[in-house]
Each structure stands twice: as structure tokens, then as C-alpha cells.
Amino acid sequence: MTATEQDWPKPQAAEHEEVLLVDVGGYEGPLDLLLDLARRHKVDLSAVSVLALAEQYLKFIEGPRHSRIEVAADYLVMAAWLAYLKSRLMVPDAQSDDEPSGEALAAMLQFRLARLEAMRVAARRLTSRLRLGVEVFARGMPEEVSVARRPIWEAGYYDLLKAYSGVRERGIALDYTPRVRSVWSLQDARELLERLIGESVEWTAIDAYLVQYLTIPEDRSSVRASTFASSLELVRQGKIDMRQAETFGPLFVRRRRDPST
Amino acid sequence: MIAGDEDPNCEVRTRQLRILEAMLFASSEPLSAADLADAVGQGAALPRLLEELQRQYASRGVNLVRRGDRWAFRTADDLAFILRREESESRPLSRAALETLSIIAYHQPATRAEIEDVRGVATGKGTLDILMEAGWIRMRGRRRSPGRPVTYGTTDAFLDHFGLENLADLPGLEDLKGSGLLSSNIPASLQIPLPLTAVQQREEDPLDPDDDGQDKE
Amino acid sequence: MIAGDEDPNCEVRTRQLRILEAMLFASSEPLSAADLADAVGQGAALPRLLEELQRQYASRGVNLVRRGDRWAFRTADDLAFILRREESESRPLSRAALETLSIIAYHQPATRAEIEDVRGVATGKGTLDILMEAGWIRMRGRRRSPGRPVTYGTTDAFLDHFGLENLADLPGLEDLKGSGLLSSNIPASLQIPLPLTAVQQREEDPLDPDDDGQDKE
């Protein structure tokens, strides 16, 4: 397993000290830093010694950790994990151990480094392609398609007939002339009553006075209503007396005698 | 594909034509000969190249056209229709339009004044326009009466849309009453015209081909 | 100029080709087969016509290219050095954005957690926003896994920008697949508890129309 190889070339101390001073913030996370460390020494990531890489990382992170308290938690988590990985790689696996072997963990880290590297290469290859608007061009003067919105009118046969019927019925309403009904005004009724009762002080049924007017069916209710209302007015004015013997019985009227005479 | 093979410098020429083609295609404005000259090389016979390109595209869907002393690709004139797209949207006919349409259907040929008389409301020109645009009514002729008003009638598209074989299929008075569309207590005086029986009485002249239906003021 | 004269319906065919040509020339955006079919008529053998047109333009300064399910005219690749313009983008994409874009392109559909797993670092929401605003990525659906995270994929505009006919054209895609580096199913033996693992299930549901991609809190 390459991960356990011990022939990781040791970087020169001077260079290493310099690196230690580099702000970890310059890296896009611990994986980026690890990848950078790995690529300094090997082009082929599968040949990288994970153990050596872990040691380098731990050393690298120690500097900022001591000098700057705010090293991102990501880096510290990775450092802790790499310390764990280191211990797994150095201590032979116990058969009963449920934990993944150090080799498996190392292979996983290699896989992730290789995958990140592959995506970086892919991004570079993508951006080195001929790009639209830079090297390749679309039509510079696109000819606009003008969209004319044409309404499709919806109307059902029923709607049509309903509309026609409605219009014709409305037409009828417009031609409506109210039926002329002969209505007795209160004024007319009052004058008539006064005239009919005259000076008669005998109790006489009011219908008897109106008999000739009540023969026309259409007029009957109007005549009754108007004369009754007028009679009440005449009573109020003290011109006549009225009496009714029973409910719905005939109404009797007579000229009120002047109390002064 | 590229013509002009008789030219001894065919390869150079082909390449020059391709460059012109690409530049004219990609440019956001028509290009002058000067704009193009740099790209194809000063020695090139630009006018002849442009002529050649114009000739190559003459029969295609896109033509190389000259605008003043500038050049551009434009859609061929006869294909202008593809640049005008029609999108249809369904809209219910307004009540006014429905009423007007039904009156025209029953009373045709009907003048605007007659329609207004039945509706009891003035009919906007817009309403008739919508019905004409929908293809359901047409101007039939001019009434032989003072002012010679335009008469309207329905079209075959009207019959088609409403599933009628002919105008006689329109329900009559009794049908409308029977279906409950007309209330039954309408006066006996109310008549629903039998379609087109009126034609003979209401004299009209067919519309002249050059009559746009506008009333003379 | 138009080839294919052996066709008995040559005239119809020529006209159909001219219409396609005009439509594709007129638009700066790639057009779908459906857009084109409307114009040439439903009966036309669109794939064969497009193939023919592509062949006719293959040697010219402007080529007919396929972008996903869409088609467009683009200037020929080999003229890039003549046509090259300064990048109009005021600020180029950051490394984070570019990396995220390629991870989405090669791993799609990919959730944010998966992107973060590959990069080993949290992805600012701004990065995805920038890519979506550029029109290169879109929310595709939701992964059928706990939390139902939104999945991202690339758009046709992405293909267009980078001159790819389809996703299979992504540079080095086959090699990456072969080396297992795109495999989302990392062998169980390689699963590590720390520091960053991701749920790597591929199942996803399409995004609901009213799903704006916001995760429920």
C-alpha cells in the first residue's frame, strides 16, 4: 500500500517554514490544502503517501494554530481526523475491529483528492474550450419574431340563443306601457262623499251611496279604498259620524249634527 | 459547396469568404467594407468577395443585403412571414357582441341602426369589428334606403362554429319558448323573423368590390 | 446551391430548408425541434432536414450546431482567432464557482451536500446563485433521501456557452467514468465517518412547479 510508504520526500525546512506562515484562509478548505501539499511532490495522486501527507498537514496546521487562534474549525477537524488516520496506519489492525482499516481510510482520502483534482482539471478544460461570446458567436443581429396575439373568440350556441332571447325580452320591457287604471283620488272621493251624504243625518250604509260606482269590477277596490280613507278624514274634521256594528259588517255614515244648533 | 472553384486561389478565396460570412453573421450592426477589409487581408478584392457571397446566398433563406455602403445578413423577403408568429388565445365573446351577433343572425341582412333598434342600445363599431375579425359576420351590401346603410349578415364560418347546416336551423319563436329561453308570457306581437325571408322585402344592393363599408359623411 | 436535387419533392424540400435556415439565422438563441416544426409544417422530416442543413453549412464560416435538443447557427470554431473578442464578462467566475460548475456538470444531478463533499468545503449559497443567474445551472428536482435536498443540473445555455453538443461531450467524461472518479457509490469499505461524508443516493424527484428550492426549516 502506497499509503504506508515512508519514502515521502521531506520538504526543505526553510521552505516549510515559509509555508507555515501562509494564511490557511488562502485555501478553499482542508481538502484544497491537502491537495496542494500532495501536488507539490507527486503528480500521480495514487502514489502519494497518505501518512506523509497527514504529517505534513498536521505540521502545517500547527503553526497557524499556535500563532492564530481563529484557524477554521474545518482545518482542525481534518487535523484530528488525520491524526486518527495516522494512528490507524501505524498500528496494525485488530481483526475484531469494526472500524475501517487504516488502508481503507487512506484509500478514501486518496480517492477524494483524486476526485477534487479531476474536477479542477475538468473546470480548466471546460474554460479552455471555445466559448460563446468570446471565440464563437451567435447571430449578432437577431431578427425579432413579432408575436401577434390573435384572439379566438369563444361563444357557444346556447350563449348565442340566450343572448338573442334576452335581447328580445328586453325589447318587450322597453315597449311596456302601463295599463291605465281609473283611480279615485282621495280628493275626488271626499267631494263625492260629502255630496252624497249631504245633510242626511240618518245612518246609511256607505255602500248604498256608492252602489252605482261599485258595479264596475276594475274600479271597485279603488272606490272603496279612497272613499274609506276620505271618510276617516271627514270624521276627523267632525263633519260626519261613522259606525260599524260588527267586524266586516257594513259601515254606516251620517252627517254629524252641529252641536251648536 | 462553395462556388467559385474556377479561381486558381480557390483555397484562399474560400477562406476569405468564410471569414466574411462569420463576421457578417456575428456583427451586431451592418459592416462596411472597411470593417471587413482588415480581417480578410488588405490584398483581397473585397467587392468581388462580397458579390460572390451575395450570389451564394441569393437563393437561400437568408440573404446578404447592402444597406448604403454596409452589408448584413437578413431573412429573405419571401420568408418574412416566419418572423411574424401568431399566438392565439381564447377569449369569451362579450355580451354585447353575442347579442349583436344573434340579432344579425336572426334579422339579417341588418343595418347597424336596426341592430341598435333591437338591442335598445347603441352598438359600438368595435363590437362589429370583433365579430368581423372572428369571421362570423360580413358586410353584405347596402340597403336601398336613405343614407344607403351597410347591411350585415352571417358567414359560413358562423354556421360552422355554431354547428348549423344553414340559417333555417336557427330555432324559431316556439322553439325558444319551448326551451325556456324566452319566457312564455311574451306578447303575441313579438315576432321572430324567419331567417332571410326578409331579403326580398328589404331591398339591398350587393357591396361594391371597392366599398370598404365606410359611410360617406 | 441547395443539394439534394435527387429528391423528387425537391422544391418542397428546398423551401423547407430555406425556412429552417431563416429561422435559425434569425434567432440568437438555439431553437427546439418543436419551434422549428411549427414553421416547416408538422409533416416534414425535421431530423433529416436539419442533418442536410448541417451538412450544407459544415464547410462554411457559420455552422449549424446542436445544443442539447436545440439547434443554432454559430461561427465556425477555426475562425475563433479572427473573431475573438475580449471577454465581456466584467468579472470572471471565481475558482469556487468554476469548480462547482464542473462538479455539477460531471456529477449531475448533484445536491449541495454532494458538491461540498467533492470540494471538501462548504459552498456559499452565492456560488450557486451566480451560476443560476448566468443561466448555466438550474434546480432539477429533489433527491429522494432524508431532507429531500434540491438537486442541480446544467442547462442548454451551459452547453451553448461551452460549445458542447450534449453532456456526453464533456471533456474527459469517459476517462473520469472509467477511473471511477465520478462514481457516487463509493464502496462501503471506503466510507469514512469523518470529516465530510455525504448521502450519495441518486434518486430524485422532479421539482414541483411551486417549489422555489428553499429548504424547509
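Side chains are part of it too, since the values below use all heavy atoms of this structure and drop only hydrogens, waters and symmetry mates. Letters A, B, ... mirror the listed sequences (proteins, then strands); counts begin at 1.
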Distance from C:Phe25 atom CZ to A:Met141 atom CE, nearest 0.5 Å?
-> 10.5 Å

Considering non-hydrogen atoms only, spot the tightest contact between A:Gly29 and C:Val121 and give its length.
-> CA-CG2, 4.0 Å

With A:Leu130, which of C:Asp77, C:Asp78, C:Leu79 fulfils side-chain contact (heavy atoms from CB on, under 4.5 Å)?
-> C:Asp77

Chain A interface, residue from C:Leu24, C:Leu170, C:Asp160 that has the most non-hydrogen pairs under 4.5 Å = C:Asp160

Using a strict cut-off of less than 4.0 Å between a Lys/Arg side-chain nitrogen and an Asp/Glu carboxylate oxygen, indicate whether A:Arg115 and C:Asp117 qualify as a salt bridge.
-> yes

Decide side-chain contact (heavy atoms from CB on, under 4.5 Å) for C:His161 and A:Arg129; before the verdict, give the C-alpha distance in whole Å, the side-chain angles of both, and the deciding distance to 0.1 Å.
-> CA-CA 9 Å; C:His161 185 83; A:Arg129 289 183 66 84; over 6 Å; no

Show the numbers, then the answer: is there a side-chain contact (heavy atoms from CB on, under 4.5 Å) between A:Phe137 and C:Arg74?
-> CA-CA 6 Å; A:Phe137 297 90; C:Arg74 297 288 180 250; over 6 Å; no

For A:Leu132 and C:Phe162, what are the C-alpha separation, side-chain angles and deciding distance, and is it a side-chain contact (heavy atoms from CB on, under 4.5 Å)?
-> CA-CA 6 Å; A:Leu132 188 69; C:Phe162 292 103; over 6 Å; no

What part of C:Ala96 is in contact with chain A, defined as an atom under 4.5 angstrom from a non-hydrogen atom: side chain, backbone, both or neither?
-> both

Report yes if the side chains of A:Leu126 and C:Phe158 come closer than 4.5 Å at any heavy-atom pair, otherwise no.
-> yes

Just wondering, do C:Arg119 and A:Leu31 contact through their side chains at under 4.5 Å, heavy atoms?
-> no

Can you list the residues that meet the salt bridge (Lys or Arg N to Asp or Glu O under 4.0 Å) rule with A:Asp159, with sequence neighbours excluded?
-> none

Whatever's closer than 4.5 Å to a heavy atom in chain A on C:Phe73 counts as backbone

Between C:Leu176, C:Leu83, C:Asp175, the one whose heavy-atom pairs under 4.5 Å with chain A are most numerous | C:Leu83

Under 4.5 Å to a heavy atom of chain A? For C:Ser28 that would be both

Taking atom CZ of A:Arg120 and atom CZ of C:Arg95, what is their separation to the nearest 0.5 Å?
-> 4.0 Å

Greater than 12 external heavy atoms within 6.0 Å of C:Asp69's CG | no

Which atoms of A:Arg139 approach chain C - backbone, side chain, both or neither, heavy atom under 4.5 Å | both

For chain A, which residues of residues 97-104 of chain C have at least one non-hydrogen atom nearer than 4.5 Å to it?
-> C:Leu98, C:Glu99, C:Ser102, C:Ile103

